[in-house]
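Notes follow the structure.
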Amino acid sequence: MSLAKLRTHYTTQINPDEVGEEKVTLAGWVHEVRDLGGICFVVLRDREGRSQVTLVKKKTDKELLDHARKLIRESVVSITGSVKPEPKAPNGYEIIPDEITVLNEAESPLPMDTTGKVDAELDTRLDSRFMDLRRPKTLAVFKIRHEVLKAVRTFLTNEGFIESSSPKVVATATEGGTSLFPITYFDREAFLNQSPQLFKQILMSGGMDRVFEIGPIFRAEEHDTRRHLNEATSIDIEASFADHFDVMEILENMVSFVYSHVMENAVPSLETLGVELTVPKTPFLRLTYKEAIDIVNAHGEEELKWGDDLSTLSEHTIGKHVFDKTGESHYFIIDWPTEIKPFYAMPYEDKWEISKSFDMMHRTMELSSGAQRIHNHDLLKGRIESQGLDPYGFDFYLRAFRYGMPPHAGWGIGCERLVMTMLGVENIRDVVLFPRDRKRLSP
RNA sequence: GUUCGGAUAGUGUAGUGGCCUAUCAUGGAGCCCUGUCGAGGCUCCGACUCGGGUUCGAAUCCCGGUCCGAACGCCA
């Protein structure tokens, strides 16, 4: 038996002019019951919106009315009835029910309010994410996230990129730097991968030419901030016969496309959140690392010397400076010291202490980093050694450079940070369904 | 990890030594109510994070634990 008859329409699909005498069936959750005595309103909520079901005492079967009055909030129901145009009703119509079927009754009290009358803290909401998602504001974030990823796929596909997937279980702690989560792989030790970096480069040797991947990355860092996760979603690309400037152009155009796409395709969700977007103007400002630290030093709150990484404060200082000057939130920092970038970043041929690397920033935080990569085997091996890593563990990677590796470049951008900066969300956990952080492993 | 702050009904809050058998909202139970859309009115229900201490008296002060938040650090 199919359950398709439990629903003929979403609440937003009902147009009283088109439906006419036809009966409709809605399925969803009991959002509210307002019993005024002689008239009773039941608000049914589904993924797309809400519909008002109206029962007038004089005109309604007593048993049905009593049933409706006793509905418990957030129970799952299927309601069949006729559609009546009614200017006094929300959306200009209401449902006059013939039948109300409770498919699963909710317990009471609820772990949190879904109507927007009483706030709940993030921790409470995450503990009861199933209930939190019934709040239109929470759902809207994830509908927008879907549109972001859809736009990324469309854009990159149109740019000639092939979607690929790399393993998340890897043998060695490859890149040094960040800590990895160790796991047991049958009788061996393995790790959860921190980035698809090495694999997407291998694909360049394989001749795939342009690849992208959207997938999870794992970082075992004990950071504890509003913008860090231990499991995040990375959007990564790698392109052959391209330098860092070529892929920066792809990146800024993609970000701008994503914003336009969301503005066109997520209007109700943006309205629900009260967010008004403007498309970032391309090309983004390109600051050199030198200019960036000069801005920080001129500002006087801290003193950076060449070779230092940017602190959180300095990121904000530079971001504010750029925003005040250009009115734009996004910008690049280019030409980083080779030493503070990963081993695979290509140094400038005529100036080895500077690399063909970049970070793409939002005025509030780093969104992306990328570079032209070293494609020469011996140079790469030397860089691995000079960063204190053991080239032995990189055999599977280095081999790909010995038999015809094209010059290539790429970047990775954090999906959650892209979404949170777009929507002005303060805590990254708000844009992940089930965040994994220092403190949270469940649900 | 460091520093600072916090924990009161299901949820969100007020309450800085006695006036607290603890405030308000939301919620739940019940009654009234024919146009609600955060419906309204009335009645009732429901809580001081845990352990120790100070005090005649502790939600309130002190010590410790647990959990949470913020900033910073860490983060190719």
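Labels below follow one simple rule: chain letters A, B, ... track the order of the sequence lines, proteins then strands, and each chain is numbered from 1.
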Return the residues of residues 311-321 of chain A meeting this criterion: a heavy atom under 4.0 Å from some atom of RNA chain B. Order them by number, or give none. A:S311, A:T312, A:H316
Who is the Watson-Crick or G-U wobble partner of B:C67, with both distances under 3.5 Å? B:G6
Kindly write out the residues that satisfy side-chain contact (heavy atoms from CB on, under 4.5 Å) with A:R210, not counting sequence neighbours, or none if the list is empty. A:E159, A:F161, A:A239, A:I250
Heavy atom of residues 38-55 of chain A under 4.0 Å from RNA chain B: which residues? A:G38, A:I39, A:F41, A:Q52
Base, sugar-phosphate or nothing for A:A89? Non-hydrogen atoms, less than 4.0 Å. base
Pairs in or reaching into residues 37-96 of chain A: which pass ring-ring contact (aromatic ring centres under 6.0 Å, His included), with residues at least two apart or in two chains? none
Which part of the nucleic acid does A:D309 contact within heavy-atom distance under 4.0 Å: base, sugar-phosphate only, or nothing? nothing
Students often get this wrong, so: under 4.0 angstrom with heavy atoms, is A:E94 touching a base, only sugar-phosphate, or nothing? base
Would you find a donor on one side and an acceptor on the other, under 3.5 Å apart, between the side chain of A:R417 and the backbone of A:E366? yes
Look at the rings of A:H408 and A:F401 and say which category their plane angle falls in: under 30° parallel, 30 to 60° tilted, over 60° perpendicular. tilted
Scan A:K57 against the nucleic acid and name what it touches under 4.0 Å (heavy atoms): base, sugar-phosphate only, or nothing. nothing
Who does B:C37 pair with, Watson-Crick or G-U, both distances under 3.5 Å? none
Take A:Q372 and A:S355 through the test side-chain contact (heavy atoms from CB on, under 4.5 Å) and record every step on the way to the result. CA-CA 8 Å; A:Q372 185 183 161; A:S355 61; over 6 Å; no
Residues of residues 405-416 of chain A with a heavy atom under 4.0 Å from any atom of RNA chain B, listed by number, are none
RNA chain B contacts made by residues 427-443 of chain A, counting heavy atoms under 4.0 Å: A:N427, A:K439
Under the ring-ring contact (aromatic ring centres under 6.0 Å, His included) rule, what pairs show up with a residue in residues 352-371 of chain A, not counting sequence neighbours? A:H330-A:H362, A:F332-A:F358
Mind listing the N/O atom pairs, protein and nucleotides 3-11 of chain B, below 3.5 Å?
from: B:G10; atom 1: O2'; to: A:L110; atom 2: O; distance (Å): 3.1
from: B:G10; atom 1: O2'; to: A:P111; atom 2: O; distance (Å): 3.4
from: B:U11; atom 1: O2'; to: A:D119; atom 2: O; distance (Å): 2.9

ring-ring contact (aromatic ring centres under 6.0 Å, His included) pairs, two or more places apart, involving residues 226-251 of chain A: A:H223-A:H228, A:H244-A:Y348
Can you list everything that forms a side-chain contact (heavy atoms from CB on, under 4.5 Å) with A:K320? Sequence neighbours excluded, please. A:D324
Residues passing the side-chain contact (heavy atoms from CB on, under 4.5 Å) test with A:A27, sequence neighbours excluded, are A:R7
Using atom P in both nucleotides, what's the gap between B:U23 and B:G46 to the nearest angstrom? 12 Å
Check A:K70 with A:D35, please: is the shortest side-chain N to carboxylate O separation under 4.0 Å? no
Counting only distance, no hydrogens or angles, is the base of B:U34 paired donor-acceptor with the side chain of A:K58 under 3.5 Å? yes
Should B:A25 form a Watson-Crick or G-U wobble pair with both distances under 3.5 Å, which nucleotide is its partner? B:U11
Can you figure out which of B:A70, B:G35, B:C74 approaches the side chain of A:R226 most closely? B:A70
A:K88: side-chain contact (heavy atoms from CB on, under 4.5 Å) partners, not counting sequence neighbours: A:E86
Describe the nucleic acid contact of A:E86 in one word from base, sugar-phosphate, nothing, applying a heavy-atom distance below 4.0 Å. base
